[in-house]
Amino acid sequence: MGLLSSLAHPEEVVALLKFKFGGCETVMPKCDFSTMPPTRRRCYEFLKMTSRSFAAVIQALEGDLRDAVCIFYLVLRALDTVEDDMTIPIDVKVPMLKAFYTHLRESDWRFMESNEKDKMVLEEFPVIATEFQALAPIYQTVISDICQQMGEGMTIYLDQSPDSMDDWNEYCHYVAGLVGIGLSRLFSASAMEDTVVGEDTRLANSMGLFLQKTNIIRDFLEDVLQEREFWPKEAWGKYGKKMLELSRPEKRGDAVACLNELITNALHHIPDVLTYMSRLRNQSIFNFCAIPQVMAVATLERCYNNPAVFAGVVKIRKGEAVKMMMEATTMDSVKAIFSHFTTHIKERIPPNDPSVVTTRAIVDRTLTLTKVEQPYVSTSAYYPLYVSCAMLMGAIVWQYWTGISNVVNNVSSS
Ligand code: IN0
């Protein structure tokens with residue numbers, strides 16, 4: 001959603017201005033590229049090209065973890081680009097995904113036949129492999145291991161969609177849970193986080209599943225129009241023979257019931273996400289992990305019980321995203337943000353929704369886990385202030401205007 005949508009939310013305008021004019025150095029200190037070897041500088045350029053807003057959060061990571069996460073992010077983006085490329089035939093794609101991790105230790109492997117938007121990470125893969133081989137061995141082991149498992153897992157769901165809710169968890173584990181497990185092992189290997197962070201794979205997996213399920217729920221229409229079916233059949237199969245049927249206007253009621261069921265399922269990862277976040281000790285790592293999670297809960301609130309999901313991609317406002325990005329720096333503020341959006345979901349649970357009991361249970365549990373002193377203040381709280389300011393402004397302009405027209409009238413009549 002563009003910048004304009006935040007105009008009606010002045011505190012988001014404030015956040016956008018602060019973000020624009022460098023008021024967020026604390027959250028994302030700039031790093032100087034001048035001293036970097038050209039291949040490493042090229043990798044950070046790739047990062048900016050593949051995810052503008054998130055690149056800054058990665059650059060803010062401390063020590064040698066920054067380069068390790070940068071390379072991990074680009075290697076995953078390359079693997080993802082192969083998986084997403086529908087022009088690569090399955091019999092070519094399967095061996096490519098299974099062997100992908102072996103190219104990390106080669107100097108000249110590249111793929112020039114991709115038509116995806118991020119194809120540069122495949123065409124210039126030797127640049128990424130060079131920087132991979134410059135990382136500390138422990139980081140190389142983690143990244144290579146995760147790529148091997150993810151490549152294998154991706155081949156399972158290339159020509160089939162998740163059927164059961166367990167399949168959905170398994171698919172999300174391969175494309176996002178493993179990212180959480182890999183990142184957590186990198187955090188512990190950097191000694192900036194306790195070993196328990198890297199060892200507790202269940203919590204790390206939940207961090208990935210909460211993000212991936214949110215993306216899959218949000219991107220329903222975009223995906224189904226490209227014949228990519230990531231919603232589990234166990235959920236939509238109750239309402240039709242084809243997933244696409246959910247996009248039909250006459251099926252909106254069923255579609256929203258299915259949507260609310262999947263959002264309710266995703267909300268069950270919140271207790272693990274909060275426990276995982278509460279264990280982090282390094283500020284730059286905390287910010288790196290917190291930002292995608294608060295974006296996800298805000299997106300789920302925006303999608304909950306919202307028929308617009310079946311008519312286009314529902315997104316949170318840029319201003320809202322920036323405001324959360326700058327505030328999600330402590331466990332209390334993360335809890336406050338989760339509490340804020342969970343409360344908004346609770347207020348909108350339709351009493352006749354098939355998932356009403358399960359949704360209410362997980363929402364109440366989340367509100368118990370996220371009780372904090374300082375609530376997250378978003379637009380609504382400021383409305384009275386805005387309205388009075390707007391009225392005051394209106395009165396001043398009116399005064400000024402009537403003043404001018406009187407003078408004009410007097411001059412013209414004299
Ligand atoms: C990510 C995740 C990510 C960050 C921090 C901790 C994580 C723990 C477990 C799993 C993933 C974790 O964050 C990025 C955020 C991102 O790229 N956002 C995009 C917007 C978007 O919607 O794509 C942006 O431009 O801001 C993320 O979504 N994924 C990701 C990929 C690699 C790494 Cl190293 C970290 C993608 C995914 C599929 C959720 C794993």
Side-chain angles (χ1 to χ4, degrees), residues 1 19 28 43 46-61 65-81 83-84 117-118 121 128 132 135 139 142-143 146-147 149-150 153-154 171-188 193 197-198 200-219 222-223 230 266 269 272-277 279-280 282 284-300 302-303 313-316 318 320-322 324-325 328 334:
M1 222 194 252
F19 187 70
M28 286 173 271
C43 285
F46 287 153
L47 200 57
K48 271 201 222 89
M49 287 186 248
T50 55
S51 130
R52 219 158 37 77
S53 58
F54 203 60
V57 185
I58 293 178
Q59 284 163 36
L61 288 168
L65 185 65
R66 185 184 60 202
D67 294 343
V69 171
C70 171
I71 299 304
F72 188 34
Y73 192 93
L74 294 176
V75 169
L76 292 170
R77 189 56 72 134
L79 192 56
D80 211 37
T81 304
E83 185 213 19
D84 288 353
K117 79 173 175 52
D118 294 332
V121 293
I128 298 171
F132 168 83
L135 294 173
Y139 292 148
V142 171
I143 294 172
I146 293 296
C147 280
Q149 293 181 60
M150 187 181 285
M154 281 173 164
Y171 172 73
C172 293
H173 163 71
Y174 287 130
V175 297
L178 284 172
V179 175
I181 292 168
L183 284 170
S184 305
R185 287 169 59 189
L186 294 178
F187 298 159
S188 294
E193 295 295 348
V197 171
D200 193 330
T201 54
R202 209 207 70 200
L203 296 186
N205 188 59
S206 294
M207 289 283 284
L209 265 61
F210 188 63
L211 298 183
Q212 184 63 23
K213 287 182 177 181
T214 300
N215 292 349
I216 289 175
I217 289 166
R218 175 200 63 198
D219 300 342
E222 193 179 84
D223 287 339
F230 297 120
H269 297 294
D272 282 357
V273 165
L274 295 171
T275 308
Y276 182 95
M277 296 301 300
R279 288 178 177 171
L280 298 177
N282 176 278
S284 71
I285 293 175
F286 185 92
N287 301 348
F288 171 72
C289 291
I291 289 169
Q293 300 297 329
V294 294
M295 300 295 176
V297 73
T299 302
L300 285 182
R302 189 56 35 91
C303 291
V313 175
V314 170
K315 282 195 177 302
I316 57 178
K318 181 83 181 144
E320 205 169 13
V322 168
M324 286 191 285
M325 209 182 225
V334 165

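Order of appearance sets the numbers: ligands from 1, and atoms from 1 within every ligand. In this chain, residues are counted from 1 in sequence order.
- Among Phe72, Phe288, Phe54, the residue whose heavy atom lies nearest to atom 15 (C) of ligand 1 is Phe54.
- Side-chain atoms of Val121 and Met49, non-hydrogen and from C-beta on, never get closer than 4.5 Å to each other.
- Among Ala56, Ser51, Cys172, the residue whose heavy atom sits closest to atom 19 (C) of ligand 1 is Ser51.
- Residue-ligand proximity, Gly180 to ligand 1, at heavy-atom distances under 4.0 Å covers atoms 8 (C), 9 (C), 10 (C).
- Residue contact check: Gly208 has heavy atoms under 4.0 Å from atoms 9 (C), 10 (C) of ligand 1.
- If you take OH on Tyr139 and CD1 on Ile71, they are separated by 13.0 Å, rounding to the nearest 0.5 Å.
- With atom 30 (C) of ligand 1 as the reference point, the heavy atom nearest to it among Phe210, Tyr73, Phe187 is part of Tyr73.
- Looking at Met154 and Asp80, their side chains come closer than 4.5 Å, going by heavy atoms from C-beta outward.
- Between Gly182 and Val142, the closest heavy-atom pair is O-CG1, 3.5 Å.
- Looking at Gln293 next to ligand 1, no N or O pair under 3.5 Å apart turns up.
- Close contacts of ligand 1 with Gln212, meaning ligand atoms under 4.0 Å from a residue heavy atom, involve 38 (C).
- Close contacts between ligand 1 and Met207 involve ligand atoms 8 (C), 9 (C) [criterion: under 4.0 Å to a heavy atom].
- Side-chain contact between Met207 and Asp272 is absent, with no heavy-atom pair separated by less than 4.5 Å.
- By the 30° and 60° cut-offs, the orientation of the rings of Tyr171 relative to Phe230 is parallel.
- If you check the side chains of Thr50 and Tyr73, you find no donor sitting under 3.5 Å from an acceptor.
- Proximity of Val69 to ligand 1 is not established, as no heavy-atom distance is less than 4.0 Å.
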